[in-house]
Peer 1: 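To start, I am sharing the structure in question, which I have written as structure tokens.
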Amino acid sequence: MKELDKAYDAQKYEDSIYTRWEESGFFNPDKCIEKGVCDKDAETFSLVLPPPNVTGTLHIGHAVMLAVEDTMVRYHRMKGDRTLWVPGTDHAAIATQEKVEKIMWGEEKITRHDLGREKFLKRVEQFAQDSHDTIVNQAKKMGTSMDWSREYYSLDDSRNLAVRTAFVEMYKDGLIYRGDRIVNWDPKMQSNVSNIEVDRKEEKAPFYYFQYGPFEICTVRPETKFGDKYVVMHPDDKRYIKYKHGDTFECEWINGPITATIIKDEAADPELGSGVMTITPWHSTEDFFIAERHGLDKEQVIDLDGKLMDIAGEFAGMSIEEARLKVVEKLDRKGLLIKTDKEYVHQLATNSRGGGVIEPQIMKQWWVGVKKEFVVKDSKIEGVATGEKTTIQKISQHVVHSGQIEIIPKRFEKNYFNWVDNYLDWCISRQLWYGHRIPAWYRNEEVYVGIKPPNDDGWVQDPDTLDTWFSAGMFSFSPLGWPASSGESTDLKTYHPTNVIETGYDILTFWLIRMVLMTTYLLGEVPFKTVYLHGLVRDEKGRKMSKSLGNIINPLDVCEKYGTDAVRLSLMIGSTPGNDSKLSEEKIASYRNFANKLWNISRFILLNINDPAIDVEPPKPKTLTDVWVLSRLTNVITQTSEDIEQYRFSQAGERLRDFTWNELAGWYVEIAKIEGEKSAILNYILNTTLKLWHPFMPFVTEAIWQEVYGKENLLMVAPWPKSLENIAEDSQDFLLIQKSVTKIRNLRAENNIPPGKKLVGYVKSGSNTSVIEENTHIILSLARLESLTVVDTIPENTTSFVEAGVEFSVDFAGAVDVEQEQKRIQKEIDSVSPYIQSLEKKLAGDFVQKAPEAVVSGEKKKLAEAKEKLEKLQEQLQ
RNA sequence: GGGUUUAUAGCUCAGUUGGUUAGAGCGCCACAUUGACAUUGUGGAGGUCAGAGGUUCGAAUCCUCUUAAACCCACCA
């Protein structure tokens, strides 16, 4: 006879089980087809893992992603869908490069320039490789069933070909262009930074008021003011009505007299200071746009290293900090400084990757024009015709608007539209070394863009690399074999569009929008049909997890301590899409307890079945309890399937836990001990329950499966259970038994009757007599009664109660605490009476006419039962 | 400045399209314990669903306002 250990030891099973899964090959759908796990023509279910950055190790946020996605994937695989989950990692250009530079500086005090491009890249690649290996091991520890044979790296050769192909195609269509635009330049990192990578921090800085001709202007950045020769004011500002747009005037300024021009523009805020400002188009985004609107000159004042240029005259070569004070001093000496506000608070822009202060600069960069028209090639998107002229912005709006992409939770559609409705051209070039090199070559004034370098000599390749999101935008299809070298890739044909993308809501605007852009343009398809956004995991106090706070929960540590299944459950149950959740070790421990509970239920069942069998027909129920448990089980099968398909993982897990712990362990197993032989039905329940749990808790369920059914069969590819037919839903009869047991237990506890003492009971069951008689054995055992006699009249001096129209009584034989008992009855009366009153009031009003019939009759029934209960209680009180 | 979310038991959260005397887990209190399981069992206490209006026969749920917290976006010199 096989027997399970007394407690589940996750450490003992997890690694060997993962190895069995991996060696089975079933992570790969091709193998599943080969072995008949799924049909070649089955529905597909595909998703691509949002590739973790190779900047280190996986954190708890990745663990959520892995748990949720693995749950979906395991469910669909068991259901017989042709299921593919593609793993990958991302080179994360700026983040990885910065990390390696930091390490180099910390350990060897060298910069990337000391090493040179080639050597530096070797270092980064080594670092990335190490990170990758760690990440893959962690993902395996989490139990993820990804198809490792299809793993990709965002910077590998295939992805590079995809990137070059996309770039060239977009360039030919005029969607990619090179142009002078203002960018967020980080002098420290010597690269530009995208808008979303800029952090704005509040900072106190002196706010200077200067005399500028007839006007008063103010600034926190006097060192940029050398190039200022325009004064801007709001067209409606009455104070300056006498000045006309385009008027010029002479005025004394930092390095002598200048000629300034008046510009009227609505960007000027009349409320701020004097309502007049000077502008520095080369070093301010807003000023740049004003200058663009009016066709004004732009002059560079600060160089790329953050030093003042020749235009600054005597200040040339100084750093920003140094020049600022000296310029103010000089203006003060000239009598042009009016006052200084030392309490002024402004937003300082810094680079979120490395913290350098952003100095806007106008530079030649590569851009994607999101509002440029192009001709649609080969569209499979509903409402977008092949040959039609449109823009990236319009398509991006359309695919979500028309419901071809669904975002869960729905409210994030607003974020999405907020972004695409205000779409700005996307700067895709970065002055970084780690990344996809831009496929553009220059010779004098000529520019060549191509998948391969030009044939003839003399060309120099653009030193810049592409924004990491450019390659990331292609992850729904580049890992599936785009562009295919010959003919169409079968993976692409079979698995694209993917069913779902699952990621944190914080990445919606970074990444998903880029995916929509690239995929709709290049493939004429949506990248995915559903976007499922999970929340962020915070610590038990609701703070973000961070190294500096020391509150990081490392997924590997807790997996080892509590078992991976416990960690997975704790991340999925009790959290809803788009909402942050809090995680604590106590929570994980409680799911460790649950895993052990499931183990022990199985242990009991194993001791009570004759021949463990995998493929069993649902057995015929013999008792009321059997009918009840099968009806509950079939309900759970239906609901769990529906919940998973609708992405309600928390609800599915909660329902399963309630079923397993309360109904199965708490009632059915206890009654099985009384009713005896239930081999077939217990086998079926165990079998089904393990299947239902498998997507959530793959290890413990597979461990039990192999102990019970042997190692020849994997639960991972066992067929998903089907709900039973011909099982009566009506469980009112069993409910009566449950309630009577609970009520008797309750009376015993309140009267301090020792659990070991057996009592005599009576029941006046009326029309329910046969149910009671058939199930007396249950009540006797679970409520610890010596006897339960059906009577016409409840005997005197016993304690009675009414449940669902049936009156029970227990003879406490003098052991009852009379005073205590009277108190209890009074308390019940006090709670029932107002309930009756409220029901009566309800039934006397418009409710009866206006509410649906079913609701009214339900309330009437409740009232009748409550009244009967009250009557009995009052009798007892006398 | 614009936008979003959250507010339900001591704690963490459920509560699907308005119809429960408002639920779960953890924690707490009492009792039990050689029997699948102390990583356990039984029973219990605990909430005027942030506040104020409104719609409705009926509101935790829909609308308006207020308060508090979190987040996102934006070119304030």
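Per chain, numbering begins at 1; letters A, B, ... match sequence-line order.
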Peer 1: Is the phosphate of B:G27 approached by A:Lys587 (side-chain N or O, under 4.0 Å from OP1 or OP2)?
Peer 2: no

Peer 1: Within the pair A:Lys582 and B:C13, is there a side-chain N or O less than 4.0 Å away from OP1 or OP2?
Peer 2: yes

Peer 1: Are the charged groups of A:Lys867 and A:Glu840 less than 4.0 angstrom apart, N to O?
Peer 2: yes

Peer 1: Taking the side chain of A:Pro755 as its heavy atoms from C-beta onward, which of B:G19, B:U4, B:C31 lies nearest to it?
Peer 2: B:C31

Peer 1: Of all the choices, B:A70, B:U40, B:C76, which nucleotide is nearest to the side chain of A:Asn593 once you look at every atom?
Peer 2: B:U40

Peer 1: With a 4.0 Å cut-off on heavy atoms, is A:Tyr835 in touch with a base, just the backbone sugar-phosphate, or nothing at all?
Peer 2: base

Peer 1: Select base, sugar-phosphate, or nothing to describe what A:Arg657 touches, counting heavy atoms under 4.0 Å on all strands.
Peer 2: sugar-phosphate

Peer 1: Of the listed nucleotides (B:A24, B:C57, B:U20), which one gets closest to any side-chain atom of A:Ala851?
Peer 2: B:C57

Peer 1: Whole angstrom is fine here: how far is it from CZ in A:Arg655 over to P in B:A14?
Peer 2: 16 Å

Peer 1: Under 4.0 Å between any heavy atoms, over every strand shown, what does A:Arg745 touch: base, sugar-phosphate, or nothing? Just pick one.
Peer 2: sugar-phosphate

Peer 1: Identify whether the distance between the nearest side-chain nitrogen and carboxylate oxygen of A:Glu413 and A:Lys410 falls below 4.0 Å.
Peer 2: yes

Peer 1: Whether A:Lys743 and A:Glu828 form a salt bridge (side-chain N of Lys/Arg under 4.0 Å from carboxylate O of Asp/Glu) is what I want to check.
Peer 2: yes

Peer 1: Which part of the nucleic acid, if any, lies within contact of A:Gly574, taking any heavy atom under 4.0 Å across all strands shown: a base, the sugar-phosphate backbone alone, or nothing?
Peer 2: sugar-phosphate

Peer 1: Is it true that A:Lys12 and A:Asp5 make a salt bridge, defined as a side-chain N closer than 4.0 Å to a carboxylate O?
Peer 2: yes

Peer 1: Under 4.0 Å, heavy atoms only, any strand: does A:Pro834 hit a base, just the sugar-phosphate, or nothing?
Peer 2: nothing

Peer 1: So does A:Lys673 get a side-chain nitrogen or oxygen closer than 4.0 Å to the phosphate oxygens (OP1/OP2) of B:A36?
Peer 2: yes

Peer 1: From B:U39, B:G19, B:A36, pick the nucleotide closest to the side chain of A:Ala7?
Peer 2: B:U39

Peer 1: Base, sugar-phosphate, or nothing: which does A:Ala866 touch, judged by heavy atoms less than 4.0 Å apart?
Peer 2: nothing

Peer 1: Atom CD of A:Glu865 to atom P of B:U21: distance rounded to whole Å?
Peer 2: 12 Å

Peer 1: Take atom CD of A:Glu707 and atom C1' of B:A36, then tell me their distance rounded to the nearest Å.
Peer 2: 15 Å

Peer 1: Determine the contact category for A:Ala665: base if any of its heavy atoms lies under 4.0 Å from a base atom, sugar-phosphate if only primed atoms, P, OP1 or OP2 are that close, otherwise nothing.
Peer 2: base

Peer 1: P atom, B:A9 versus B:U55: distance in rounded Å?
Peer 2: 28 Å

Peer 1: Can you find a donor-acceptor pair, distance only, under 3.5 Å between A:Glu670 side chain and B:A36 base?
Peer 2: yes

Peer 1: In whole angstroms, how far is the P atom of B:C72 from the OH atom of A:Tyr505?
Peer 2: 8 Å

Peer 1: Of the nucleotides B:C73, B:C37, B:A14, which has the atom closest to the A:Asn600 side chain?
Peer 2: B:C37

Peer 1: What's A:Thr576 touching, base or sugar-phosphate or nothing? Going by heavy atoms closer than 4.0 Å.
Peer 2: sugar-phosphate

Peer 1: Could you tell me the separation between the OH atom of A:Tyr209 and the C1' atom of B:A77, rounded to a whole number of Å?
Peer 2: 11 Å

Peer 1: If the cut-off is 4.0 Å, is A:Lys842 near the phosphate of B:C57, judged by side-chain N/O to OP1 or OP2?
Peer 2: no

Peer 1: Side chain of A:Arg592 only, please: which of B:A14, B:A77, B:U39 is the nearest?
Peer 2: B:U39

Peer 1: Just name whichever nucleotide pairs with B:U20, Watson-Crick or G-U, keeping both distances under 3.5 Å, else none.
Peer 2: none

Peer 1: Any Lys/Arg nitrogen of A:Asp565 or A:Arg568 sitting under 4.0 Å from an Asp/Glu carboxylate oxygen of the other?
Peer 2: no

Peer 1: Please determine if A:Glu359 and A:Arg221 form a salt bridge, counting it only when a charged side-chain N lies under 4.0 Å from a carboxylate O.
Peer 2: yes

Peer 1: Let me know which of A:Phe594, A:Tyr562, A:Trp599, A:Phe699 forms a ring pair (Phe, Tyr, Trp, His ring centres under 6.0 Å) with A:Tyr8.
Peer 2: A:Trp599

Peer 1: Hey, does A:Val232 reach any base, or is it just sugar-phosphate, or nothing, if we go heavy atoms under 4.0 Å?
Peer 2: nothing

Peer 1: Measure from NZ on A:Lys850 to C1' on B:G18 and round the result to the nearest Å.
Peer 2: 16 Å

Peer 1: Measure from the ring center of A:Tyr532 to the ring center of A:Phe649 and say whether it is less than 6.0 Å.
Peer 2: yes

Peer 1: Using a heavy-atom cut-off of under 4.0 Å over every strand shown, decide if A:Lys860 touches base, sugar-phosphate, or nothing.
Peer 2: nothing

Peer 1: Reading RNA chain B from 5' onward, which residue's closest nucleotide shows up sooner: A:Lys225 or A:Asp846?
Peer 2: A:Asp846

Peer 1: Using a cut-off of 4.0 Å on non-hydrogen atoms, how would the nucleic acid contact of A:Asn746 be classed: base, sugar-phosphate, or nothing?
Peer 2: sugar-phosphate

Peer 1: Under 4.0 Å from OP1 or OP2 of B:G41: is there any side-chain N or O of A:Trp661 that close?
Peer 2: yes

Peer 1: In the strands shown, is B:A68 matched to any nucleotide by a Watson-Crick or G-U wobble pair with both distances under 3.5 Å, and which?
Peer 2: B:U6

Peer 1: Base, sugar-phosphate or nothing for A:Lys6? Non-hydrogen atoms, less than 4.0 Å.
Peer 2: sugar-phosphate

Peer 1: Using whole Å, report how far NZ of A:Lys869 lies from P of B:U21.
Peer 2: 12 Å

Peer 1: Remember a base hit wins even if backbone is also touched, and classify A:Glu642 as base, sugar-phosphate or nothing at under 4.0 Å, heavy atoms.
Peer 2: nothing

Peer 1: With a 4.0 Å cut-off on heavy atoms, is A:Thr280 in touch with a base, just the backbone sugar-phosphate, or nothing at all?
Peer 2: nothing

Peer 1: Over how many whole Å does the gap from A:Ile753 atom CD1 to B:C31 atom P extend?
Peer 2: 15 Å

Peer 1: When you measure from the side chain of A:Arg648, which nucleotide among B:A77, B:U5, B:U16 comes out closest?
Peer 2: B:U16

Peer 1: Taking B:A14 as the reference, what is the distance to B:G25 when you measure between their P atoms (whole Å, please)?
Peer 2: 16 Å

Peer 1: Taking for each residue the nucleotide of RNA chain B with the nearest heavy atom, is it A:Ile605 or A:Tyr591 whose nucleotide lies nearer the 5' end?
Peer 2: A:Tyr591

Peer 1: Among B:U39, B:U6, B:C73, which is the nearest nucleotide to the side chain of A:Trp419?
Peer 2: B:C73

Peer 1: Does A:Asn422 have a side-chain nitrogen or oxygen under 4.0 Å from the phosphate oxygens OP1 or OP2 of B:C73?
Peer 2: no

Peer 1: From the list B:C26, B:A77, B:U6, which nucleotide is the closest neighbour of the side chain of A:Ser590?
Peer 2: B:C26

Peer 1: Choosing from B:G19, B:C73, B:A36, which nucleotide comes nearest the side chain of A:Pro852?
Peer 2: B:G19

Peer 1: Under 3.5 Å for both donor-acceptor distances, Watson-Crick or wobble: does B:U42 have a partner, and if so which one?
Peer 2: B:A30

Peer 1: Please determine whether a side-chain nitrogen or oxygen atom of A:Lys743 lies at a distance below 4.0 Å from atom OP1 or OP2 of B:U42.
Peer 2: no

